[in-house]
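When reading the values below, keep in mind they use all heavy atoms of this one structure, side chains included, and skip hydrogens, waters and symmetry mates. In what follows, residues are counted from 1 in the order of the sequence shown.
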Amino acid sequence: MRLRPSMRENFRYILAVITPGLTFEPRDLYKAIAESVMSLYGDSIAAQVWPSVMKVEGSFVIIRCRRGTEHYLETALSAISFIQEIPAGVRPIRTSGTIRTLREKIQPCTDKRDGKAVVSGITCDVVVYMQGRIDLKEKGIYHEIPRYITKEDTEDLYYDE
């Protein structure tokens with residue numbers, strides 16, 4: 001009698017977009033996804049689906065699940081309305097058997113842009129994020145120093161791209 005070697009498990013990968021264009025840590029996304037799957041289907045189906053966050057690029061995420069359970073995962077993704085107590089949705093875009101195919105569908109990540117700003121007469125490097133956050137770094141003698149601004153400073157804030 002000849003024993004058959006164990007077969008490799010087949011997975012499916014789902015490309016999803018986080019709306020409204022937010023970026024989260026992979027573990028925070030996993031917690032929201034796992035909670036959604038368990039609340040909709042229970043522990044038994046959640047164990048069969050076995051979701052895993054494979055890659056996060058900007059507001060795009062690639063999630064792995066077992067083959068044949070992708071419809072459960074897609075439904076659970078659509079049911080997400082909060083991630084880390086922040087209103088956000090996860091919308092499935094495409095399902096594939098390989099991560100490479102989904103990477104080709106991801107739009108270039110343009111969630112931040114660089115520039116210069118003058119705050120109270122001091123020129124600073126600026127990073128403007130899509131979420132509305134602005135990071136200022138003042139050039140110091142040894143390194144860049146984070147600069148914190150007040151509401152009054154934002155009224156005088158001018159930056160060029």
Side-chain angles (χ1 to χ4, degrees), residues 1-115 117 125-137 144 146-149 151 154 157 159-161:
M1 177 179 192
R2 185 173 171 200
L3 294 176
R4 227 174 118 176
S6 63
M7 299 295 291
R8 189 171 69 100
E9 187 144 20
N10 287 325
F11 293 104
R12 290 293 176 253
Y13 301 91
I14 298 174
L15 174 65
V17 64
I18 302 167
T19 55
L22 302 174
T23 302
F24 291 95
E25 292 291 319
R27 75 172 170 267
D28 297 333
L29 286 168
Y30 172 77
K31 288 177 187 177
I33 293 165
E35 183 180 309
S36 181
V37 173
M38 283 192 286
S39 67
L40 284 174
Y41 301 111
D43 293 337
S44 174
I45 299 293
Q48 290 175 17
V49 173
W50 197 21
S52 179
V53 175
M54 301 304 292
K55 184 162 185 65
V56 177
E57 277 191 32
S59 61
F60 291 94
V61 61
I62 297 176
I63 306 146
R64 182 185 73 188
C65 66
R66 285 186 171 137
R67 183 178 180 191
T69 63
E70 51 269 19
H71 60 282
Y72 291 119
L73 183 56
E74 289 171 350
T75 305
L77 292 175
S78 298
I80 294 173
S81 57
F82 286 92
I83 302 171
Q84 286 296 97
E85 299 180 11
I86 298 172
V90 181
R91 305 293 171 246
I93 298 173
R94 185 175 178 141
T95 302
S96 176
T98 64
I99 293 176
R100 184 179 358 183
T101 304
L102 297 179
R103 277 189 175 162
E104 295 169 1
K105 301 297 178 191
I106 296 176
Q107 299 166 358
C109 183
T110 57
D111 62 344
K112 66 179 183 178
R113 30 178 206 186
D114 298 323
D125 290 329
V126 177
V127 179
V128 181
Y129 296 90
M130 284 182 67
Q131 294 91 352
R133 191 178 90 215
I134 299 173
D135 287 345
L136 297 174
K137 302 231 179 195
E144 292 184 342
R147 180 160 170 86
Y148 302 97
I149 60 174
K151 186 155 178 91
T154 60
L157 182 64
Y159 66 92
D160 61 346
E161 300 171 17

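P51 and A46 make their closest contact through CD-O, 3.9 Å (heavy atoms, listed as atom of the first residue, atom of the second, distance). Looking at every heavy atom in both residues, L22 comes nearest to P87 through CD1-O, 4.1 Å.
Contacts classified as side chain to side chain donor-acceptor pair (under 3.5 Å) and involving residues 27-38 (residues at least two apart or in different chains) are not found. Here salt bridge (charged side-chain N to carboxylate O under 4.0 Å, His left out) pairs that include residues 39-56, with residues two or more places apart or in two chains, are K55-E57.
Under the rule for a side chain to side chain contact (heavy atoms under 4.5 Å, CB included), the partners of P26 that lie at least two apart in sequence or sit in another chain are V53, V56. By the side-chain hydrogen bond (donor to acceptor under 3.5 Å, both in side chains) test, T98 is found to be paired with T101, residues two or more places apart in sequence or in another chain being considered. With sequence neighbours excluded, no residue forms a ring-ring contact (aromatic ring centres under 6.0 Å, His included) with F24.
When the shell of 6.0 Å around CZ of R94 is examined, it contains 12 or fewer heavy atoms from other residues, nucleotides or ligands.
Put simply, NZ on K105 and CD1 on I93 are 11.0 Å apart, with the number rounded to the nearest 0.5 Å.
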May I have the list of side-chain donor-acceptor pairs in residues 62-85 shorter than 3.5 Å, sequence neighbours left out?
residue, atom, partner, partner atom, Å
R66, NE, E9, OE2, 2.6
R66, NH1, A47, O, 3.0
R66, NH1, Q48, O, 3.4
T69, OG1, R66, O, 2.6
E70, OE1, G68, N, 2.8
H71, ND1, G68, O, 3.4
E74, OE2, T95, OG1, 2.6
T75, OG1, H71, O, 2.9
S78, OG, E74, O, 3.2

